[in-house]
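Below you'll find the structure, written out as structure tokens, and then a few comments.
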Amino acid sequence: LIAEKVISEGGVVFGALFNNHWEIQHGYTETKEGLARFRGSKYVQSKTGETYQQVKSFLKQGRMVLYSGTSCQIAGLKKFLRADFDNLITIDVVCHGVPSPLLWRKYLEYKSQQEIGSYLTDNITKISFRDKRKGWKRFGLSIKWNNGRYKNEVLSENLFLNAFLKNLSLRPSCACCVSKEGKAG
């Protein structure tokens, strides 16, 4: 609702999305329809790319900007801006820590090889980190390929989610993150 309000007032919304190669990156939208790409959990570190520069440009134009991300990304944005802006709204998502993009890439290649016999991840058409087809308490990671193959593994069966939730795949910097403790700034 906050994002829709910002857009309805001519603002810009930034968030995490899947790119064409199923990597997680930050991007922005100026339309309510564009918000759909930001929805859904993504348990991987997102690449912020040039979004901090883009935010600064929009802010200087006087536009309202909403930026959502992990606490360390929000802290990084604020350090980059070096000033407070009345037209900037930030939302820190609750962060457990994040696995690396490389681990995510290797996992997708492994699953693709296992399910369709190819390491190519370009054949993937949909991913959900919290697929609830088997119930809210039995959510799982699901992947769909363009040949119709579909794999949904509940939490207890999924290697990636298990490693994530047991803190086995988190980036070392997440263990001592001052941002998620509210000490950055």
Side-chain angles (χ1 to χ4, degrees), residues 1-7 9 11-19 21-30 32 34-61 63-108 127-132 136 139 141 155 158-185:
L1 291 174
I2 297 169
E4 289 179 4
K5 177 76 169 159
V6 167
I7 288 175
E9 294 180 4
V12 183
V13 176
F14 287 80
L17 53 85
F18 288 109
N19 68 16
H21 302 288
W22 299 101
E23 300 164 325
I24 316 303
Q25 69 181 48
H26 260 68
Y28 72 88
T29 186
E30 299 175 77
K32 289 182 182 179
L35 293 174
R37 293 186 71 196
F38 301 145
R39 291 190 179 102
S41 299
K42 299 166 188 83
Y43 301 132
V44 181
Q45 180 180 14
S46 65
K47 300 174 185 179
T48 57
E50 297 180 5
T51 59
Y52 293 176
Q53 295 92 333
Q54 293 166 333
V55 166
K56 189 173 194 174
S57 176
F58 287 128
L59 291 170
K60 287 185 173 185
Q61 294 171 25
R63 295 183 70 186
M64 180 66 68
V65 174
L66 170 62
Y67 196 100
S68 67
T70 59
S71 297
C72 60
Q73 291 171 328
I74 299 300
L77 172 63
K78 290 179 177 180
K79 293 265 188 202
F80 174 82
L81 293 174
R82 297 183 185 186
D84 291 329
F85 289 85
D86 291 337
N87 53 333
L88 174 64
I89 301 169
T90 58
I91 298 177
D92 299 30
V93 297
V94 175
C95 183
H96 172 89
V98 291
S100 75
L102 178 60
L103 179 64
W104 174 240
R105 165 75 30 221
K106 294 294 185 186
Y107 173 78
L108 289 181
I127 294 175
S128 173
F129 279 95
R130 292 183 73 82
D131 189 307
K132 297 178 186 80
W136 282 78
F139 73 88
L141 195 155
L155 170 62
N158 186 270
L159 293 173
F160 187 86
L161 289 179
N162 266 289
F164 169 71
L165 292 173
K166 291 179 180 175
N167 299 330
L168 300 174
S169 63
L170 303 186
R171 302 203 69 136
S173 56
C174 295
C176 57
C177 178
V178 296
S179 297
K180 71 179 180 182
E181 294 175 6
K183 297 177 184 173

[Y] side chain reached by [X] side chain, heavy atoms, under 4.5 Å:
{"X": "Leu141", "Y": "Phe164", "result": "no"}
{"X": "Lys78", "Y": "Thr90", "result": "yes"}
{"X": "Val98", "Y": "Cys174", "result": "yes"}
{"X": "Phe85", "Y": "Val65", "result": "no"}

Within the side chain of [X], is there an N or O that forms a donor-acceptor pair under 3.5 Å with the backbone of [Y]?
{"X": "Trp104", "Y": "Trp22", "answer": "yes"}
{"X": "Asp92", "Y": "Gly69", "answer": "no"}
{"X": "Ser100", "Y": "Leu103", "answer": "yes"}

Count the heavy atoms belonging to other residues, nucleotides or ligands that lie under 6.0 Å from [atom1] of [X], then report whether that count exceeds 12.
{"X": "Gln61", "atom1": "CD", "value": "yes"}
{"X": "Ile2", "atom1": "CD1", "value": "no"}
{"X": "Lys132", "atom1": "NZ", "value": "yes"}

Shortest non-hydrogen separation from [X] to [Y] and the atoms involved:
{"X": "Gly15", "Y": "Ser68", "value": "CA-OG, 3.7 Å"}
{"X": "Cys95", "Y": "Thr70", "value": "SG-CG2, 4.0 Å"}
{"X": "Ile7", "Y": "Lys32", "value": "CG2-N, 3.8 Å"}
{"X": "Pro99", "Y": "Arg171", "value": "C-CG, 4.0 Å"}
{"X": "Arg130", "Y": "Ser41", "value": "CD-OG, 3.2 Å"}
{"X": "Lys42", "Y": "Leu17", "value": "CE-CA, 3.7 Å"}

Nearest 0.5 Å, please: how far is [atom2] in [Y] from [atom1] in [X]?
{"X": "Ile74", "Y": "Ile91", "atom1": "CD1", "atom2": "CD1", "answer": "8.5 Å"}
{"X": "Lys79", "Y": "Cys72", "atom1": "NZ", "atom2": "SG", "answer": "13.0 Å"}
{"X": "Leu1", "Y": "Leu35", "atom1": "CG", "atom2": "CG", "answer": "10.5 Å"}
{"X": "Leu88", "Y": "Lys56", "atom1": "CG", "atom2": "NZ", "answer": "12.5 Å"}
{"X": "Leu66", "Y": "Ile89", "atom1": "CG", "atom2": "CD1", "answer": "5.5 Å"}
{"X": "Asn158", "Y": "Asp131", "atom1": "CG", "atom2": "CG", "answer": "11.0 Å"}

Taking it one step at a time, do Arg105 and His21 satisfy side chain to side chain contact (heavy atoms under 4.5 Å, CB included)? CA-CA 9 Å; Arg105 165 75 30 221; His21 302 288; 3.9 Å; yes
Parallel, tilted or perpendicular for Tyr28 and Phe58, by the 30°/60° rule?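 Perpendicular.
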When the ring planes of Phe18 and Phe129 are compared, do they come out parallel, tilted or perpendicular, using 30° and 60° as the limits?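 The arrangement is parallel - the two ring planes meet at less than 30°.
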Derivation of the side chain to side chain donor-acceptor pair (under 3.5 Å) call for Thr51 and Gln73: CA-CA 11 Å; Thr51 59; Gln73 291 171 328; over 6 Å; no
Applying side chain to side chain contact (heavy atoms under 4.5 Å, CB included), run through His96 and Asn167 and close with a yes or a no. CA-CA 9 Å; His96 172 89; Asn167 299 330; 2.7 Å; yes
Taking the ring of Tyr67 and the ring of His26, is the distance between their centroids below 6.0 Å?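 They qualify: ring centres under 6.0 Å apart.
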